[in-house]
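Residue numbers start from 1 in every chain, and the chains themselves are labelled A, B, ... in the order their sequence lines are given, proteins ahead of strands.
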There are 2 protein chains.
Amino acid sequence: MRDRPVVLLKPAVRRTTLAVDVVVLSPRVDALAVLLVRAPSSARERWSLPWDAPQVGEGLEDAAARITRVVLGAAPAFFEQVGTLSDGRRHPGDAEVSVGIAALSPAGVGQPIMDAEWFPLASLPAIAPRHRTIVDHAAAVVRQRVDQSPLAFRLLPPAFTLSDLQGVYELLLGRRLHKASFRRALQASYLVEPMDEWHSEGRGRPAQLFRYAPKKRRGVRRGVRFDLFTD
Amino acid sequence: MRDRPVVLLKPAVRRTTLAVDVVVLSPRVDALAVLLVRAPSSARERWSLPWDAPQVGEGLEDAAARITRVVLGAAPAFFEQVGTLSDGRRHPGDAEVSVGIAALSPAGVGQPIMDAEWFPLASLPAIAPRHRTIVDHAAAVVRQRVDQSPLAFRLLPPAFTLSDLQGVYELLLGRRLHKASFRRALQASYLVEPMDEWHSEGRGRPAQLFRYAPKKRRGVRRGVRFDLFTD
DNA sequence: TGACATTGGTGACGAATTGTTACTAATTCG
DNA sequence: CGAATTAGTAACAATTCGTCACCAATGTCA
């Protein structure tokens, strides 16, 4: 055991500079995309995550919603904090502390303002080091939560086909899923309900539309799944 | 779609007051326990979470480690951020923003200082509202991550019996597990390896000691488990 | 000393779940 | 019309899971 400090803890708050950095994620063709904004020409990198300080009395998620509305024109369907950073890495506004927030937005909702653009997660331009860290955390958090939270449904419009849903899961998980298994598991979960509409996309059989409508789950308590460990 | 703002986003950092609030968790007899410190008599509640502001240049987890060392005399085995709060709820130091951090410490490590005490998670004394929120978040995060992360091993000494391990899982999950199933799943996961030591606790057959020694997992990629949804 | 209580540990079997194959259905294209 | 394409499902085999039953090694106590 280590030596005990002689003086007790005398806690005190400290003033610091704070920013909320938002990773807006949306499914694009064949990849998850992140919304970046063009930085002022004085900045070191051309692009950055949308960010701002929370206003006085404004919650962190409220700030994230406001920032997203400004750059996308629509509030995201879902938020999740992905971590608060106070390492020394560079931030575009030189904030000492950054709160990273992932915001999920369905495909086709909103329209980026002139100075904003979607970039596939796998091929981002250069951004400030702290923003890079935040994006990586956001991707990791979303991928890790995808089968514990209805995240996938937040990346789709209210009505969707099961193929759409499977496609989003495949995007998020980064691997192909087997159609029959996917549907059987979904069926058993009572998470969606069929609508009376069909969607025809040109070729092939029209697909039935579903909506996210989770029913009370029967208490399916299972044993420990060590096979789910991620690290 | 909503109206687009006429002015673009002009991001700027804002100065604010920051605190790191630590939820030190450790398994006690039959329950998870939280370490609380006695508050100055001027405070509104008698007890509070250990907290402080991070020093200049000190990372958030580093601050949590320092705070824990002061009150427990030992650094925790594991940290996890459980969320950053900027709601209006009251904080003992009136910080505008709190970073909540869960710190896991094995049973029997360290010794609380005179003004600190363990309380079972289920029967805490009155604490500031924001601290209450942070504790609840910490418990939820730990319970949710327990079968994705080797959290349980961080609540045990380096050598432990399988009954000990099962006990920690039962504490965290809040329900009994079946011995044979638990061991079979653990076996298949290659997370532990047996040592050449046995532990005799008085009555009953002595138990073999194991250590946490995760082997490379064969890529057991499975289908989506909708049955794991927590909300 | 020898039953018995207590805790550790495992084989085995039926039930449930999962991975896969192979099929049917409904549509467009040429 | 038939081929191509996408949607949807029945059914079978392989695997995993929940449980029961049992054996092993120790302390307790009559």
Starting at atom [atom1] of [X], determine the distance to atom [atom2] of [N], rounded to an integer number of angstrom.
| X | N | atom1 | atom2 | value |
| --- | --- | --- | --- | --- |
| A/F226 | D/dT16 | CZ | P | 16 Å |
| B/W198 | D/dA24 | CH2 | C1' | 13 Å |
| A/Q208 | C/dA25 | CD | P | 17 Å |
| B/R222 | C/dG19 | CZ | C1' | 10 Å |
| A/F182 | D/dT6 | CZ | P | 18 Å |
| B/D227 | D/dG18 | CG | P | 11 Å |
| B/H178 | C/dT10 | NE2 | C1' | 12 Å |
| A/R176 | C/dG19 | CZ | P | 16 Å |

Given [options], which nucleotide is nearest the side-chain atoms of [X]?
| X | options | answer |
| --- | --- | --- |
| B/R203 | C/dT7, C/dG9, D/dG8 | C/dT7 |
| B/R183 | D/dT19, D/dG8, C/dG8 | C/dG8 |
| B/S181 | D/dA7, C/dT20, D/dG18 | D/dG18 |
| A/P206 | C/dG9, C/dG11, C/dA26 | C/dA26 |
| A/A207 | D/dG8, C/dT17, C/dT20 | D/dG8 |

By nearest heavy atom, map B/T161 and A/K179 onto DNA chain C; which one lands nearer the 5' end?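 Looking at the nearest nucleotide for each, B/T161 comes out on the 5' side.
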Return the 5'-most residue of the pair B/G204, B/Q187 with respect to DNA chain C, ranking by each residue's nearest nucleotide.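 Going by which nucleotide is closer to the 5' end, it is B/G204.
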Between the side chain of [X] and the main-chain N/O of [Y], is any donor-acceptor distance below 3.5 Å?
| X | Y | value |
| --- | --- | --- |
| B/Q166 | B/L177 | yes |
| A/Q81 | A/V99 | no |
| B/S105 | B/S26 | no |

May I ask you to verify whether the side chain of A/R184 and the base of C/dG19 hold a donor-acceptor pair under 3.5 Å?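 Indeed, a donor on one side and an acceptor on the other fall under 3.5 Å apart.
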So, under a plain 3.5 Å distance rule, would you say the side chain of A/R205 forms a donor-acceptor pair with the base of C/dA25?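 Such a pair exists between side chain and base.
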Specify whether A/F153 and A/F160 have parallel, tilted or perpendicular ring planes, treating 30° as the upper limit for parallel and 60° as the lower limit for perpendicular.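 Rings of A/F153 and A/F160: tilted, as their planes differ by 30° to 60°.
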Is the shortest distance from a Lys or Arg side-chain nitrogen in A/R66 or A/D62 to a carboxylate oxygen in the other one below 4.0 Å?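 Salt bridge between A/R66 and A/D62, a charged N being under 4.0 Å from a carboxylate O: no.
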